[in-house]
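Counting begins at 1 with the first residue of the sequence. Counting starts at 1 for both ligands and their atoms, in listed order.
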Amino acid sequence: ANATNIGAATPDATGDKSTEDDKDDRAAQSLLNKLIRSNLVKNTNQVEVLQKDPNSPLYSVRTFEELRLKPQLLQGVYSMGFNRPSKIQETALPMMLAEPPQNLIAQSQSGTGKTAAFVLAMLSHVDPSRKYPQCLCVSPTYELALQTGKVIEQMGQYYSEVKLVYAIRGNKLPRGTKLQEQIVIGTPGTMLDWCGKFKFFDPKKILVFVLDEADVMIDTQGHQDQSIRIQRMLPQSCQMLLFSATFEESVWNFAKRIVPDPNIIKLKREEETLDTIKQYYVLCNSREEKFKALCNIYGAITIAQAMIFCHTRKTAGWLAGELSREGHQVALLSGEMQVEQRAAVIERFREGKEKVLVTTNVCARGIDVEQVSVVINFDLPVDKDGNPDNETYLHRIGRTGRFGKRGLAINMVDSKMSMNILNKIQEHFNKKIERLDTDDLDEIE
Ligand code: ADP
């Protein structure tokens with residue numbers, strides 16, 4: 001799996017560590033992305049559409065007006081600062097709002113507008129004059145459910161007759177309760193209890209069922225079964241919608257069980273490339289020498305903002321300390337921090353409050369800080385077995401082709417072993433990594 005350490009909240013916990021961490025990782029990574037994302041991710045790829053009925057015309061919209069939304073919802077959309085539908089929304093929204101409703105499986109990387117799309121679909125389909133649940137939305141974790149709930153509240157801010165309730169652990173309702181809210185959002189276990197065991201609402205009256213973050217969902221033992229059991233209680237006519245950031249075989253198999261006769265929309269992520277990056281390496285003999293080389297680089301060139309990657313938390317902590325002693329404004333991002341804390345650090349760095357961000361692997365994947373012009377691999381990225389991790393390397397320093405500004409990457413090499421890794425990375429990408437003499441830095445810039 002491509003798991004990073006993002007969510008390893010309890011790295012020392014006993015038990016089946018690898019899978020536990022993986023699961024945590026995905027959910028935490030996803031939450032972190034939501035917390036720091038304020039804009040759509042740019043993507044120049046075409047959406048691929050597979051229609052259930054290939055002969056029916058395919059509609060896509062360029063404006064929100066074309067969707068004939070209720071005025072309260074259009075106002076909500078505009079108040080969120082959306083001017084026009086995102087790439088995936090152009091096709092997904094007409095499908096979701098069609099009459100009769102159509103089922104949809106949609107996959108695109110995080111930040112492309114999936115949540116906003118299904119929230120709009122749910123809000124469009126409810127009848128606020130009926131005081132019972134009509135839309136269900138299941139999310140993999142409590143925190144992710146809360147985030148989606150916030151989007152519903154925001155987009156529905158001018159449509160106050162529509163109410164929302166959270167089916168999440170800790171939200172205990174008295175027996176015999178009959179829910180009046182039109183939208184129920186929650187995690188699969190509590191949701192299943194609420195409709196199956198406690199009968200807080202009638203699943204037969206549900207019009208729209210949304211399963212969000214399917215790839216995170218299937219990582220948790222039990223979530224798959226619970227989701228399928230909820231789905232089985234819903235009427236045939238209920239619209240089923242499933243969303244995922246990635247699409248491995250396992251996600252696909254799950255999706256097909258949840259969503260019968262689906263339309264399918266996919267948007268490939270933007271390719272990353274090293275073409276616009278100048279890559280260098282520096283030869284050193286120790287951690288201290290690497291630090292000295294780093295200081296020389298800082299002395300020689302103007303660096304607006306840099307990200308520095310270390311292999312361990314310990315090195316990252318040490319380096320952050322040394323750098324701030326040198327007078328740099330340093331932020332440290334590390335695995336033991338809570339997701340919210342990490343989001344706050346990244347936010348400050350984005351705002352330019354700190355100029356250097358020192359981090360372990362945790363922020364290598366999924367987070368793009370666009371203004372960063374220099375990336376320093378204080379340690380080269382390696383996998384668990386010590387082999388070069390090309391994918392992480394690319395993700396740390398690569399830029400998405402068309403939008404990428406020119407960048408600079410500097411790799412610190414401190415042993416035969418790391419030289420070997422560097423050579424392998426160079427071979428893999430077939431792109432020269434030039435030697436840099438940090439005592440004579442005229443060549444860069
Ligand atoms: P995903 O669910 O795919 O991760 P989101 O729906 O959360 O994506 O959207 C990512 C970000 O882009 C959010 O900050 C959201 O408010 C914003 N966004 C979504 N749709 C639009 C749009 N049509 N125009 C502008 N911003 C949008």
Side-chain angles (χ1 to χ4, degrees), residues 6 26-45 47-48 60-67 69 73-97 104-124 137-141 143-158 183 185 208 210-217 241-247 251 255 264-270 339 343 346-347 350-351 365-370 400 403:
I6 275 279
R26 289 236 204 173
Q29 172 90 59
S30 181
L31 180 62
L32 185 56
N33 265 316
K34 283 187 198 288
L35 293 174
I36 62 176
R37 176 129 312 139
S38 51
N39 277 313
L40 282 169
V41 166
K42 294 169 192 148
N43 193 312
T44 54
N45 292 328
V47 289
E48 292 171 50
S60 78
V61 291
R62 294 278 159 179
T63 64
F64 285 109
E65 276 84 5
E66 288 169 70
L67 293 166
L69 299 166
L73 288 179
L74 194 61
Q75 202 181 350
V77 166
Y78 286 138
S79 77
M80 290 176 83
F82 301 180
N83 296 320
R84 53 187 303 273
S86 73
K87 199 156 241 177
I88 193 132
Q89 290 165 359
E90 287 181 352
T91 331
L93 284 170
M95 272 180 189
M96 290 193 284
L97 301 178
L104 175 68
I105 295 176
Q107 179 247 325
S108 62
Q109 78 196 87
S110 117
T112 47
K114 298 185 296 299
T115 307
F118 71 70
V119 165
L120 194 54
M122 288 197 293
L123 287 169
S124 299
C137 175
V138 291
S139 291
T141 67
E143 290 82 5
L144 288 167
L146 288 184
Q147 288 302 316
T148 304
K150 278 196 195 149
V151 179
I152 300 175
E153 278 162 23
Q154 246 188 316
M155 203 173 278
Q157 62 185 300
Y158 301 103
I183 302 179
I185 173 159
V208 185
V210 177
L211 193 138
D212 192 20
E213 313 235 15
D215 52 348
V216 183
M217 198 73 96
L241 307 170
L242 179 140
F243 299 86
S244 187
T246 61
F247 231 135
V251 179
I264 298 164
I265 300 181
K266 288 188 195 184
L267 179 62
K268 282 211 189 71
R269 52 179 319 132
E270 192 88 16
V339 174
I346 294 168
E347 203 54 53
R350 277 199 161 157
E351 288 165 6
R365 200 173 289 279
I367 298 155
D368 22 56
V369 185
E370 281 173 14
T400 54
F403 309 103

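The shortest N or O to N or O distance between T115 and ligand 1 is below 3.5 Å. Checked against a 3.5 angstrom limit, the closest N/O atoms of R84 and ligand 1 fall inside it. Inclusion of G81 in the set of residues having an N or O under 3.5 Å from an N or O of ligand 1 is not warranted. When only interatomic distances are considered, the shortest N/O to N/O separation between G113 and ligand 1 falls below 3.5 Å. For ligand 1, none of its N or O atoms has an N or O atom of N83 under 3.5 Å away.
Proximity to F64 (heavy-atom distance under 4.0 Å) selects the following atoms of ligand 1: 23 (N). Interface atoms of ligand 1 facing A116, defined by a heavy-atom separation under 4.0 Å, are 6 (O), 19 (C), 20 (N). Near K114, with a cut-off below 4.0 Å to any heavy atom, the atoms of ligand 1 are 1 (P), 2 (O), 3 (O), 6 (O), 8 (O). Those atoms of ligand 1 that come under 4.0 Å of a heavy atom in T112, given as number and element, are 1 (P), 3 (O), 8 (O). For ligand 1, the atoms closer than 4.0 angstrom to any heavy atom of S86 are 23 (N).
Summarising the geometry of V41 relative to S110, their closest heavy-atom pair is CG2-O, 3.4 Å, with the distance given to 0.1 Å. For the residue pair I88 and Q107, the shortest heavy atom distance occurs at CD1-O, 4.0 Å. Between S108 and K114, the shortest heavy-atom contact is O-NZ, 2.7 Å. Nearest approach of L104 to M95, heavy atoms of both residues: CD1-SD, 3.8 Å.
When non-hydrogen atoms are compared, ligand 1 lies under 4.0 Å from neither the backbone nor the side chain of F118. Of the heavy atoms in Q89, only side-chain atoms (C-beta onward) come closer than 4.0 Å to ligand 1. Of all the heavy atoms of N39, the ones lying under 4.0 Å from any atom of ligand 1 belong exclusively to the backbone.
For atom 25 (C) of ligand 1, the closest non-hydrogen atom on the protein side is F82 CD2, 3.5 Å. Looking only at heavy atoms of the protein, atom 4 (O) of ligand 1 is closest to G111 N, 2.7 Å. Protein heavy atom closest to atom 13 (C) of ligand 1, with residue, atom name and distance, is R37 CG, 4.5 Å.
E213 and S139 share no donor-acceptor pair across their side chains, judged by distance under 3.5 Å alone. Between the side chains of T63 and E66, a donor-acceptor pair is found at a separation under 3.5 Å.
In terms of the side-chain hydrogen bond (donor to acceptor under 3.5 Å, both in side chains) criterion, S60 has no residue partners (sequence neighbours excluded). Under the rule for a side-chain hydrogen bond (donor to acceptor under 3.5 Å, both in side chains), Q154 has no partner lying at least two apart in sequence or in another chain.
Counting heavy atoms from C-beta outward, R84 and E90 have side chains that approach closer than 4.5 Å. Side-chain contact between V210 and I185 is absent, with no heavy atoms from C-beta onward closer than 4.5 Å.
Heavy-atom separations between F243 and ligand 1 are all 4.0 Å or longer.
Atom 10 (C) of ligand 1 is approached by the protein to below 4.0 angstrom, counting heavy atoms only.
Between F64 and Y78, the ring-plane angle classifies as perpendicular under the 30° and 60° cut-offs.
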